[in-house]
Structure formats: structure tokens, C-alpha cells
Amino acid sequence: MDLLLLDSWLKERGEPGYRALQVWEWAARGVPGYDAMTNLPRALRESLDAAVPFSTLAVETQRESSDGTIKVLFRTHDGHPVEAVLMTYRDGRRSLCLSSQSGCPLTCTFCATGQMAFGRNLTAFEILDQALHFRRLGDVNHAVFMGMGEPMLNLDEVLRAARRLPDVGITHRRTTISTVGWLPGLKKFVDEVDEPIRLALSLHAPTDELRSAIMPVNERYPLDAVLAECRKHAARVNRRVFVEYVMLADVNDSVEHARALGELLGPDDFKVNLIPYNPTGMYDGSSRDRIAAFRDALSRARVPVTVRLTRGRDIEAACGQLAAAPRERVGANAR
Ligand code: SAH
């Protein structure tokens with residue numbers, strides 16, 4: 001729901017100032033529409049329905065994985081595709097993976113999103129409406145900005161959305177913003193954000209040379225500068241920065257790479273999350289044994305490390321697979 005439009009429409013009609021908050025509180029609690037907002041006069045609910053679309057996004061398809069992961073393809077009013085994912089875990093975690101842009105202008109070689117056309121930045125309300133859609137299906141308690149797009153290229157809108165997530169049930173401590181290390185946005189985030197929002201860095205290589213080969217953005221913002229900002233954030237909020245590291249067979253997955261990574265990061269400021277590669281064409285994923293050996297080498301360097309559970313691969317909902325091409329894919333699966 002476009003809360004700016006809501007605000008101005010209510011003001012124009014001379015509605016009391018508390019109306020906008022009433023509407024938002026209902027929406028954040030996951031009601032299905034204006035009609036359920038019983039502390040609003042019925043006539044107002046009806047006019048609202050016609051004047052302010054309940055969601056800025058239309059749902060195009062919703063698919064459920066055998067592991068319970070749900071992926072939704074939305075469309076913006078001007079036709080751009082946006083995907084978001086809900087992952088549920090046995091421990092009660094219900095985690096949203098939100099998109100900050102339609103597509104992504106960066107061209108990381110292992111990521112499917114970078115291979116589709118870039119659309120545009122999403123507004124804060126288009127980001128929030130992804131979360132509200134899933135909130136209407138049930139409680140949610142974690143969010144990661146790890147869907148389509150680079151959040152630091154759209155930081156203001158991302159933060160505007162993140163700041164409202166606690167009303168939806170997701171505290172700042174349970175909110176993570178992930179970046180390739182887009183330095184202007186990252187600096188602003190580190191300097192200006194006071195909320196204890198978690199930062200994650202998509203690192204994927206221990207040297208500039210290798211990182212530039214698989215992530216062109218590294219040519220622009222090399223490792224030293226990016227890691228320095230991350231350390232600043234870790235010190236400032238007294239929380240480790242998460243490092244994402246996708247395991248590509250014979251590219252970045254040797255024990256030597258792990259040692260170099262351990263040296264680069266040190267034991268104090270980071271926690272590494274090893275991500276099994278989800279097939280997108282270019283690479284082969286590392287074997288379980290290679291991943292285990294890499295993890296053990298990092299542990300010996302006293303860097304905290306975990307291996308990420310793969311979710312939703314069968315519906316192209318896993319990390320790096322969001323590419324908004326369901327019509328073709330649905331057709332292909334049906335055949
Ligand atoms: N642009 C931001 C937000 C997207 S996060 C960022 O890159 O951090 C999506 C995560 O999935 C990133 O860590 C990305 O590197 C990772 N990823 C991309 N392609 C992948 C793939 N094929 N398999 C596993 N992880 C992948």
C-alpha cells in the first residue's frame with residue numbers, strides 16, 4: 001500500500017490525522033483488505049478500496065517447494081517483475097527474502113538475477129508489500145534483503161521499508177541487509193544507520209584478483225575499502241558482519257582459499273556463511289567434502305563459520321535463482 005498516497009487522500013477528504021495509522025496497523029497485522037478494518041466507518045472503507053490500491057503489487061504466480069518454501073512473482077503497476085520468498089524452519093523461524101530492485105544492474109557471474117534485464121529501483125511500499133503479502137499467510141519473524149537487486153543502490157527506500165518491518169513482526173535485530181559492497185551506499189549505511197540492522201557482505205573470494213573475475217563490481221570498489229567499512233559497522237553496533245561465500249568447484253573452494261580468507265577476515269569481526277552453489281549455468285557446485293574441508297580450515301583460523309541450508313531449489317527460489325521467468329519455466333515443467 002502506498003502510504004504517501006493514503007496520507008494525502010485521507011487529508012484531502014478531511015479525515016482525522018489518526019486514520020492513516022489505523023489503516024497501517026491493520027495492514028501490518030495481515031488483514032486481507034480494507035473491509036476488515038472495523039474501526040473505520042464502512043463508507044470510508046469502501047471509498048478507500050477504490051482510491052488507494054490495497055497493494056502496490058499484483059500477484060502473478062505463487063509456487064511452493066517440497067520443503068515448504070514459497071516463492072511469489074509479483075508485478076509492479078508499470079509491469080516490472082519482482083520475486084520474494086518465504087522460508088519456514090522447524091525452529092519456528094519464518095524468514096522473508098525481499099527484493100530491493102526489479103532485476104539487478106550488477107553482473108555477478110554466478111547469479112541469475114544479473115542475467116535478466118534490469119528494471120528499476122523499488123519504492124519502500126513495493127518492498128513492504130512483498131512482506132505484507134506473506135504476513136497475510138501467517139506470522140513472519142525474520143527478513144533478509146537477499147532477493148533481487150542490490151540494496152545499497154536503493155538504500156533510502158530499503159531503509160524506509162526496513163524501519164516499518166517491526167510493525168509486521170520483524171525486529172531490526174532479525175533484519176539483514178546484504179550487499180556486494182557497493183561503497184557509496186555501504187558508507188552511508190555504516191555512518192547513518194543507528195538501528196541494530198544486521199549487515200551481510202557477499203564476498204565469494206579472498207583476493208581482489210579472483211573477486212574481480214567473478215564479480216565485476218570489485219573492479220570499482222576493491223576489497224580493502226569494503227572490508228574497512230564492514231569492520232567499522234561491526235565495531236559500531238558490536239555485532240559481527242555476515243560474510244556470504246558461494247562455493248564454486250575449482251574456482252574459490254580450495255583449502256588455500258580458506259586459509260587466505262581466514263587471514264583476510266580475522267577472528268573478531270565476521271561470521272562466514274558458506275553457500276552451496278545453486279545451478280544457474282556457469283559453474284559447478286563444490287562437493288560436500290570440499291565444503292566441509294573449507295569449513296574446517298576456516299574454523300582452524302578461528303573464524304566462525306556455518307554452511308547454509310539450501311531451500312526452494314526445486315522452484316528456483318534458492319539464492320541466486322530469482323530471475324522472474326515463471327511462464328517459460330512452468331511450461332517446461334509441465335511438459
Ligand atoms: N545484491 C545483494 C543482495 C542479493 S543477496 C548481494 O549480492 O549481497 C543474494 C545472495 O545469493 C548473494 O550472497 C549472492 O552472492 C548469492 N548468490 C548469487 N548467486 C548464487 C548461486 N547461484 N548460488 C548460491 N548463492 C548465490
Side-chain angles (χ1 to χ4, degrees), residues 69 71 82-85 87 95-116 118-119 121-122 127 130 142-155 157-158 161-162 175-186 189 197-205 210-211 213-218 220-221 226-227 229-230 233 241-249 251-253 270-286 291 294 306-324:
T69 299
K71 179 172 88 166
V82 177
E83 288 184 320
V85 178
M87 293 154 289
S95 187
L96 298 179
C97 181
L98 303 175
S99 291
S100 55
Q101 302 180 308
S102 173
C104 183
L106 305 178
T107 51
C108 301
T109 53
F110 41 81
C111 181
T113 307
Q115 275 139 50
M116 65 179 277
F118 174 61
N121 280 342
L122 300 181
I127 296 169
Q130 299 166 48
H142 286 74
V144 294
F145 283 85
M146 296 189 187
M148 290 177 163
E150 168 50 42
M152 297 302 176
L153 283 168
N154 188 21
L155 183 62
E157 297 298 304
V158 164
T175 300
T176 300
I177 297 180
S178 179
T179 178
V180 297
W182 187 265
L183 211 51
L186 177 58
F189 176 86
I197 293 172
R198 172 89 68 181
L199 180 64
L201 173 68
S202 293
L203 186 59
H204 309 314
L210 179 56
R211 194 166 191 261
I214 61 176
M215 298 175 70
V217 67
N218 191 72
R220 193 147 170 185
Y221 302 121
V226 169
L227 289 175
E229 286 303 317
C230 292
H233 179 72
V241 170
F242 285 168
V243 163
E244 295 152 277
Y245 195 100
V246 61
M247 298 295 289
L248 307 172
V251 174
N252 66 355
D253 69 340
F270 298 94
K271 178 184 171 188
V272 175
N273 207 208
L274 301 178
I275 315 178
Y277 171 66
N278 297 306
T280 57
M282 278 278 281
Y283 299 95
D284 291 318
S286 309
I291 296 177
F294 194 99
T306 53
V307 179
R308 181 176 291 176
L309 275 177
T310 299
R311 305 298 301 264
R313 221 188 238 178
D314 55 336
I315 55 166
E316 284 93 25
C319 308
Q321 292 190 312
L322 301 186

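Heads up: numbering here begins at 1 and tracks the sequence. Remember, it's 1-based here, ligands and their atoms both numbered in the order they're listed.
Looking at Gln321 against ligand 1, nothing comes within 4.0 Å, counting heavy atoms. Contacts between Thr113 and ligand 1 below 4.0 angstrom, taking non-hydrogen atoms only, are absent altogether.
The contact set between ligand 1 and Thr179, taken as ligand atoms under 4.0 Å from a residue heavy atom, comprises 6 (C), 8 (O). Near Phe145, with a cut-off below 4.0 Å to any heavy atom, the atoms of ligand 1 are 3 (C). With ligand atoms numbered from 1 in the order given, ligand 1 contributes 24 (C), 25 (N) to contacts under 4.0 Å with heavy atoms of Ile275.
Checked by distance only, ligand 1 and Gly147 stay at 3.5 Å or farther apart across all their nitrogen or oxygen atoms. The shortest N or O to N or O distance between Val246 and ligand 1 is not under 3.5 Å. No N or O atom of Tyr277 sits closer than 3.5 Å to an N or O atom of ligand 1.
Given atom 23 (N) of ligand 1, the protein heavy atom at minimum distance is Asn278 N, 2.9 Å. In terms of protein heavy-atom proximity, atom 9 (C) of ligand 1 is closest to Met146 O, 3.5 Å. Scanning the protein heavy atoms around atom 14 (C) of ligand 1, the nearest turns out to be His204 NE2, 3.8 Å. With respect to atom 19 (N) of ligand 1, the closest heavy atom belonging to the protein is Gly320 CA, 3.1 Å. Remark: minimum distance from atom 10 (C) of ligand 1 to any protein heavy atom is reached at Glu244 OE2, 3.7 Å. Atom 2 (C) of ligand 1 has its closest protein heavy atom at Glu150 OE1, 3.4 Å.
Here CG of Asn121 is found 5.0 Å from CD of Gln101. Values are rounded to the nearest 0.5 Å. If you take CE on Met148 and CD on Gln130, they are separated by 9.5 Å, rounding to the nearest 0.5 Å. Here the OH atom belonging to Tyr277 is positioned 8.0 Å from the CG atom belonging to Asp284, to the nearest 0.5 angstrom. To the nearest 0.5 angstrom, Cys108 atom SG is 10.0 Å from Asn218 atom CG. From Ser100, atom OG reaches atom CE of Met152 across 9.5 Å, with rounding to the nearest 0.5 Å.
When the heavy-atom distances from atom 1 (N) of ligand 1 to Gly149, Ser178, Cys319 are ranked, the shortest goes to Gly149. Remark: among candidates Gly114, Ser202, Ser100, the nearest residue to atom 12 (C) of ligand 1 is Ser202, based on non-hydrogen atoms.
For the ligand labelled ligand 1, residue Tyr283 lies outside the 4.0 Å heavy-atom shell. At least one heavy atom of Pro276 lies less than 4.0 angstrom from ligand 1. In this structure, Pro279 falls outside the shell of residues with a heavy atom less than 4.0 angstrom from ligand 1. Assignment of Met148 to the shell around ligand 1 is not supported, since no heavy atom sits closer than 4.0 Å.
Between Pro276 and Arg308 the shortest heavy-atom distance is CD-O, 3.4 Å. Here the shortest heavy-atom pairing between Thr280 and Gly320 reads CG2-O, 3.4 Å. Nearest heavy-atom pair across Gly149 and Thr113 is N-CG2, 4.2 Å.
Looking at heavy atoms from C-beta onward, Phe270 lies in side-chain contact with Leu227 at the 4.5 angstrom threshold.
Ring-plane geometry between Phe110 and Tyr283 is classed as tilted, the angle between the planes lying from 30 to 60 degrees on a 0 to 90 degree scale.
If you check the side chains of Glu150 and Thr179, you find a donor sitting under 3.5 Å from an acceptor.
Just one residue in the list Thr176, Leu96, Thr175 forms a side chain to side chain contact (heavy atoms under 4.5 Å, CB included) with Phe145, and that residue is Thr175.
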